[in-house]
Amino acid sequence: MGSLRVRDFDLGQTLECGQFFNWRREGAGYRVQARSRSFAVRQDGDRLSFEGADPAFLRRFLALDHDPGAIRATMPRDRFLDEAFAAYGRLRLLRQDPWECLVAFLLSPVSNIPRIQRNLLDVYESTGFEPGRMQDEAGLRRLGIGFRARFLVSAAKRAGSLGGGRPLSRLDGGGTPTRAVLASEAPGAGRPSLEGILGVGDKVADCVSLFAYGDYGAFPVDTWIRRVLRELYGVRKPDRELRAWGRRRFGPWAGYAQQWLFAWSRESLGGRRAARAAC
DNA sequence: CGCCAGGTGGCCC
DNA sequence: GGGCCACATGGC
């Protein structure tokens with residue numbers, strides 16, 4: 001049983017905000033499966049307790065080296081961002097495994113967070129995310145993932161070139177977290193091309209860049225972000241321009257702004273029905 | 001029942 | 001290149 005002190009960090013926000021899905025509630029905390037590990041983790045105030053992973057791994061995976069206040073300070077004054085940050089500013093963008101992250105977001109199109117999570121846990125239980133066990137489209141379809149089954153098959157065929165199924169060495173080494181991380185993370189460095197994989201469009205590619213390749217300037221545009229920009233910021237443009245707009249407005253850490261706004265909008269904007277009723 | 005959901009691919013012009 | 005539409009399945 002390990003233990004770690006944390007600052008400006010919220011494990012619940014971090015795991016449940018919709019960036020990562022391979023977790024379950026367990027006791028007073030969570031059971032997490034990531035990067036070929038299964039570990040239990042819980043938070044009590046500023047104390048993080050865990051079992052099944054070492055402190056260096058957790059510091060890196062949970063991005064405990066990121067300083068939310070410093071990140072917020074790189075962005076412009078913005079009342080919507082202030083609200084989102086107040087509500088969700090203690091989440092961290094995890095350093096996910098690229099293959100696991102890709103699989104998760106290939107399940108995301110025209111779905112919703114609870115269902116994505118259910119689907120992902122089912123796919124994990126059924127295949128362990130091993131590419132060799134993800135070639136049977138009909139079998140995958142039986143898990144209830146619908147047309148997304150062929151996306152997984154397409155990705156599994158290319159998994160080798162993505163490091164599919166293998167743990168990442170740079171993380172396993174437990175590199176020293178640096179306080180200079182604000183300047184040291186190279187945007188999008190090292191992301192192999194996802195071109196040719198069915199189901200990978202701008203949105204999925206941006207999510208993988210942001211959540212697994214450290215491209216913290218990435219600004220994935222989905223239905224929620226589109227609504228935030230339209231209904232709050234009054235920006236109405238094609239998605240392609242919204243991505244660029246987000247990068248430009250929020251800067252090299254725009255991905256954090258995106259995630260704060262995303263998480264906040266889901267509760268504050270409410271469902272489409274609620275929005276319509278309000279009119 | 002009808003509509004919508006962390007989009008994408010394949011058409012049409 | 002923008003504007004449609006189907007795509008499986010589930011929730012409301």
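The shown structure was predicted, so the numbers you read here are calculated from the model rather than taken from an experiment. Proteins come first, then strands; the chains are lettered A, B, ... in the order of their sequence lines, and each starts at number 1.
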What is the distance from CG of A:D122 to P of C:dT9, rounded to the nearest Å? 13 Å

Would you kindly give the CG-to-P distance between A:L107 and C:dT9, to the nearest whole Å? 13 Å

For A:L198 and B:dG7, what is the distance between atoms CG and C1' respectively, to the nearest whole Å? 13 Å

Proximity of A:F80 and A:Y233 rings by center, below 6.0 Å: yes

Donor-acceptor contact present, side-chain A:R37 to main-chain A:R35, <3.5 Å: yes

Whether the A:E100 and A:Y124 side chains hold a donor-acceptor pair (N or O, under 3.5 Å, no angle test) is what I'd like checked. no

Could you tell me whether A:D202 contacts a base, only the sugar-phosphate backbone, or nothing, with contacts defined as non-hydrogen atoms closer than 4.0 Å? sugar-phosphate

Below 4.0 angstrom, N of the basic side chain to O of the carboxylate: do A:D206 and A:R247 qualify? no

Taking pairing as Watson-Crick or G-U wobble with both contacts under 3.5 Å, can you name the mate of B:dC12, or confirm there isn't one? C:dG2

Between P on B:dC4 and CZ on A:R226, what's the gap in Å once rounded to a whole number? 14 Å

Taking the C1' atom of each, how far is C:dG11 from B:dT8, in whole Å? 22 Å

Taking 4.0 angstrom as the limit, do A:D82 and A:R72 come out as a salt bridge? yes

Is it true that a side-chain atom of A:R95 and a backbone atom of A:R60 form a donor plus acceptor pair closer than 3.5 Å? yes

Between atom CD in A:E241 and atom C1' in C:dG1, what is the gap in whole Å? 12 Å

Identify, with sequence neighbours excluded, every residue that meets side-chain hydrogen bond (donor to acceptor under 3.5 Å, both in side chains) alongside A:R47. A:S3

Geometric class of the A:F57/A:F61 ring pair [parallel <30°, tilted 30-60°, perpendicular >60°]: parallel

Centroid-to-centroid, A:W260 to A:Y88, below 6.0 Å? no

Whole-Å distance between B:dT8 P and A:D239 CG? 9 Å

Under 4.0 angstrom, heavy atoms only, what part of the nucleic acid is A:V221 near: base, sugar-phosphate, or nothing? nothing

For the pair made of CZ in A:F262 and C1' in B:dA5, what is the distance, rounded to whole Å? 11 Å

Should the pair A:R226-A:D239 be classified as a salt bridge under the 4.0 Å nitrogen-to-oxygen rule? yes

Is the aromatic ring of A:W224 within stacking range of B:dG6, meaning centres under 5.5 angstrom and planes under 30 degrees? no

I want to confirm an ordering. Mapping A:C207 and A:V200 to their closest nucleotides on DNA chain B, which one lands closer to the 5' end? A:C207

Could you check which nucleotide pairs with B:dG2 in any of the strands shown, counting Watson-Crick or G-U wobble with both distances under 3.5 Å? C:dC12

For nucleotides C:dG10 and B:dG9, find the distance between their P atoms and express it as a whole number of Å. 23 Å

Nearest whole Å is fine: how far is B:dG6 P from A:L102 CG? 19 Å

Contact check, residues 140-153 of chain A vs DNA chain C, heavy-atom distance under 4.0 Å, returns A:R141, A:G144, A:G146, A:F147, A:R148

Contact residues, residues 109-120 of chain A to DNA chain B [heavy atom, < 4.0 Å]: A:P109, A:V110, A:S111, A:N112, A:I113, A:I116

Suppose you measure atom P in C:dG3 against the same atom in B:dG6; what distance do you get, rounded to whole Å? 23 Å

